[in-house]
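Here is the structure we will look at.
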Amino acid sequence: MGNQFKPNDIVMYSCHGACTLVEITEKDFGGVAKDYYVLRPAFSGSSIFYVPTDSEPLTSKMRTVKNADEINELVLKASVWDWIEDDRPRQNQLKQAIDCGSTELLVSIYKALYEKQKSLAEDGKKLRAADDRYMKDIEALLVEEFSFSYEIKKDDLVPFLYSEINLTQK
């Protein structure tokens, strides 16, 4: 099986965000040598992740960073995620969305969380703590990914997602 990714690629890896693929190397963890993608988070810490190249469940959490044209298209097409009123199923869906890392889904959910937050604020209320935490996690992932194509700051994310601001491409 050929490797989908190559060294120096910038990839999104599940909830860990943007990472640099440092190398593909053979390692022996637990008595069996196999090939691993070696990932280093692009924006935080000195952690390294070893992702077995032959593990579909783990490699499916890796994807290339979208370019500016792809981001523009998905932002324009993104609908607002259907809000789930029941807390537990909603939290499960939010966790799964972050784990799968689909930019389209994250944009859609972020819009829903933002609109819910706005609606609650009008009534003097706030998002539930878990929803607020997921919103911040999704925001961080989107800003990380978008920053490779745009000069983007956290404060520019909402206007950009609602097409109220055109960002400068890198």
Side-chain angles (χ1 to χ4, degrees), residues 1-75 77-79 81-82 84 86-113 129-154 157 160-161 169-170:
M1 165 177 111
N3 290 328
Q4 177 182 349
F5 304 103
K6 60 189 181 316
N8 298 318
D9 280 353
I10 303 297
V11 298
M12 295 299 292
Y13 183 55
S14 183
C15 62
H16 300 289
C19 296
T20 302
L21 195 157
V22 178
E23 66 178 332
I24 302 169
T25 188
E26 185 176 73
K27 289 282 186 186
D28 183 347
F29 294 119
V32 178
K34 44 168 100 170
D35 287 338
Y36 289 85
Y37 294 118
V38 181
L39 305 177
R40 181 181 319 270
F43 294 103
S44 62
S46 59
S47 302
I48 290 182
F49 303 102
Y50 290 90
V51 179
T53 61
D54 65 349
S55 172
E56 170 59 28
L58 294 177
T59 59
S60 70
K61 294 181 179 190
M62 288 175 60
R63 61 175 178 72
T64 56
V65 170
K66 299 205 178 305
N67 65 41
D69 290 336
E70 292 169 322
I71 291 169
N72 285 337
E73 184 176 334
L74 79 87
V75 165
K77 290 182 178 180
S79 59
W81 181 69
D82 291 330
I84 300 169
D86 193 357
D87 283 343
R88 181 164 288 156
R90 183 177 64 253
Q91 300 310 313
N92 288 337
Q93 289 264 330
L94 294 173
K95 182 183 181 330
Q96 288 174 358
I98 288 174
D99 284 345
C100 91
S102 158
T103 308
E104 295 85 351
L105 182 56
L106 293 177
V107 166
S108 178
I109 290 173
Y110 189 84
K111 284 183 173 186
L113 287 165
D131 294 326
D132 187 59
R133 185 179 67 250
Y134 281 117
M135 185 175 182
K136 288 176 181 162
D137 290 347
I138 291 169
E139 180 178 85
L141 290 171
L142 292 175
V143 168
E144 277 190 22
E145 180 170 10
F146 293 3
S147 72
F148 284 96
S149 297
Y150 293 102
E151 298 289 337
I152 189 169
K153 299 178 297 240
K154 182 177 137 179
L157 183 61
F160 178 64
L161 293 180
Q169 291 185 25
K170 284 187 172 178

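Values below: every heavy atom of this structure, side chains too, minus hydrogens, waters and symmetry copies. For clarity, every value in this text was computed on a predicted model and none was experimentally measured.
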- Check step by step if side-chain contact (heavy atoms from CB on, under 4.5 Å) holds for V38 and Y50. CA-CA 5 Å; V38 181; Y50 290 90; 3.6 Å; yes
- Message: Is the shortest side-chain heavy-atom distance between T103 and E70 below 4.5 Å?
- Response: no
- Message: For I84 versus R90, what's the shortest heavy-atom pair and its separation?
- Response: O-NH1, 2.6 Å
- Message: Closer than 3.5 angstrom, by distance alone: can the side chain of S149 be matched with the main-chain N or O of F146 as a donor-acceptor pair?
- Response: no
- Item | Heavy-atom closest pair, residues Q4 and Y37 | N-OH, 3.5 Å
- Query: Between the main-chain N or O of Q93 and the side-chain N or O of Q96, is there a donor-acceptor pair closer than 3.5 Å?
  - Reply: no
- Message: With a 6.0 Å cut-off (strictly less than), is the heavy-atom count around CG of D86, excluding the residue itself, greater than 12?
- Response: yes
- Working for side-chain contact (heavy atoms from CB on, under 4.5 Å), residues L94 and W81: CA-CA 11 Å; L94 294 173; W81 181 69; 3.9 Å; yes
- Roughly how far, to the nearest 0.5 Å, is CZ of F5 from CG of L39? 9.0 Å
- Under 3.5 Å donor-acceptor, T59 side chain and S55 backbone: yes
- Item | Over all atoms of both residues, closest heavy-atom pair of K27 and F29 | CB-CE1, 3.6 Å
For residues 136-143, which side-chain N or O atoms pair as donor and acceptor with protein atoms under 3.5 Å away, sequence neighbours left out?
{"residue": "K136", "atom": "NZ", "partner": "D132", "partner atom": "OD2", "Å": "3.0"}
{"residue": "E139", "atom": "OE2", "partner": "Y110", "partner atom": "OH", "Å": "2.6"}

- Message: Return the CZ to NZ distance between R63 and K61, rounded to the nearest 0.5 Å.
- Response: 13.5 Å
- Message: Could you check whether any side-chain N or O of K111 sits under 3.5 Å from a backbone N or O of A78, counting only pairs where one atom can act as donor and the other as acceptor?
- Response: yes
Solution key, residues 8-25 side-chain donor-acceptor pairs under 3.5 Å, sequence neighbours excluded:
{"residue": "D9", "atom": "OD1", "partner": "K6", "partner atom": "NZ", "Å": "3.3"}
{"residue": "D9", "atom": "OD2", "partner": "K6", "partner atom": "N", "Å": "2.9"}
{"residue": "S14", "atom": "OG", "partner": "D99", "partner atom": "O", "Å": "3.1"}

- Message: I'd like to know whether F160 forms a side-chain contact (heavy atoms from CB on, under 4.5 Å) with I71, so could you lay out the CA-CA distance, the side-chain angles of the two residues, the decisive distance to 0.1 Å, and finally the verdict.
- Response: CA-CA 10 Å; F160 178 64; I71 291 169; 3.7 Å; yes
- Inter-residue atom distance K154.NZ - S147.OG, 0.5 Å rounding: 14.5 Å
- Item | Evaluation steps, side-chain contact (heavy atoms from CB on, under 4.5 Å), between Q91 and D131 | CA-CA 7 Å; Q91 300 310 313; D131 294 326; 2.6 Å; yes
- Using a strict cut-off of less than 4.0 Å between a Lys/Arg side-chain nitrogen and an Asp/Glu carboxylate oxygen, indicate whether K66 and E73 qualify as a salt bridge. no
